[in-house]
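The next block holds one structure in the form of structure tokens; read it before the comments.
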Amino acid sequence: MTRLLRAEQEKLRGGERRRQTLLKGKEEQSLESELSKKLEITEDAKEENNEEEEGSKAETSTTTKKKKKKNKSKKKPQQTDPPTIPVVKLFPSGDFPEGEIQQYKDDNLWRTTSEEKRELERFHKPIYNSVRQAAEVHRQVRKVAAHWTPNSGDKTVLQSDDVMKLDFGTHIDGHIVDCAFTVAFNPMYDPLLAASREATYTGIKEAGIDVRLCDIGAAIQEVMESYEVEINGKVFPVKSIRNLNGHSIGPYQIHAGKSVPIVKGGEQTKMEEGEFYAIETFGSTGKGFVREDLECSHYMKNFDVGHVPLRLPRAKQLLATINNNFSTLAFCRRYLDRIGETKYLMALKNLCDAGIVQPYPPLCDVKGSYVSQYEHTILLRPTCKEVVSKGDDY
Ligand SMILES: [Co+2]
């Protein structure tokens, strides 16, 4: 998900379309509830793990000929295609894999070996483990996304020359992973995809404790705008979309207050130890500037809103539903449909007008432009950066 500056949100109405975004909220919640069904870790399961490890060592070793008979019924569960096995079952130990580790650089090299900082990390282990679990869910389902084909009957049909962004979040106990990639079937767009992929990697590389957000933005823009893309015979420079940013993430708060610009000239505020960030970049063949357009589908409760007295019973009831199902995580109209809400548009508008719920309309660059996006969630751990959402796909 992206942050459009509030002031600009107010200013901008109307224009043309382009951007498609997926949602965070209910889908992940149901995934989560499935996942959080407690897994009984039996001695059997642990043993089985050791056995597997030994087995694979034996297979790769040239000196050891020892081979173990594989007992198929005792095999560690393998994910199906599409995924149906809860991630907890794939990791019977309850420890989820670390993301990609990147060391801090320059003035922060000392953190790598600091005993004090390591101790601090041990203290945060349960939170890291939760967000790693969310990241594992993300990795598992995004493979499906890449294989997805529209069903006939869908009103919008993905075309072979479309460029589609898949941006969705997963969370465990409010510890959110926000991660996105782009799909294009026509290789003509490859340089456009490469631009934002490399720009995002650059942002991740530059990120660090005490690093100024404006410096990250400048580095991102430099890489992004070193690309150009030829589309149907016409060459376009790739531009960083200047009014979209990455963002800090807090528990149950997708945008926790700090923005990571993707162009130069941003704020001098620094990143801090312990913060979580979504580093995301958008490359465009258009103006490099988005405006709100089209019918709104995304909504989210304002994080800071306290109790607001509501007179209309319907609005009150809808708010209770939102509180129970989504809390302060984003949701869409379709999620409301799915949980059985009908004729809620007026009540939803009441909640928006009362400042309790914020609408997030689609953000679009000019007509005929193409946009690519890549995004990862990183943890600024005391001793290192962890790119928790990194996979072998992107
Ligand atoms: Co985001």
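In listed order, ligands and their atoms are each counted from 1. Sequence positions, counted from 1, serve as the residue numbers for this chain. Keep in mind it's a predicted model, so treat the numbers as computed, not measured.
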Three-point angle E280:OE2, the Co ion (ligand 1), D178:OD2, rounded to the nearest 10°
170°
Student check: side-chain heavy atoms of L363 and L244 closer than 4.5 Å:
yes
Give me the ring orientation class for F331 and F326: parallel if the planes are under 30° apart, tilted from 30 to 60°, perpendicular past 60°.
parallel
By atom name, which N, O or S atom of E375 is the nearest to the Co ion (ligand 1)?
OE2
At less than 2.8 Å, would any N/O/S atom of H255, backbone or side chain, sit next to the Co ion (ligand 1)?
no
Between the side chain of D167 and the main-chain N/O of A180, is any donor-acceptor distance below 3.5 Å?
no
Any idea how Y370 and Y189 line up, ring-wise: parallel (<30°), tilted (30 to 60°), or perpendicular (>60°)?
tilted
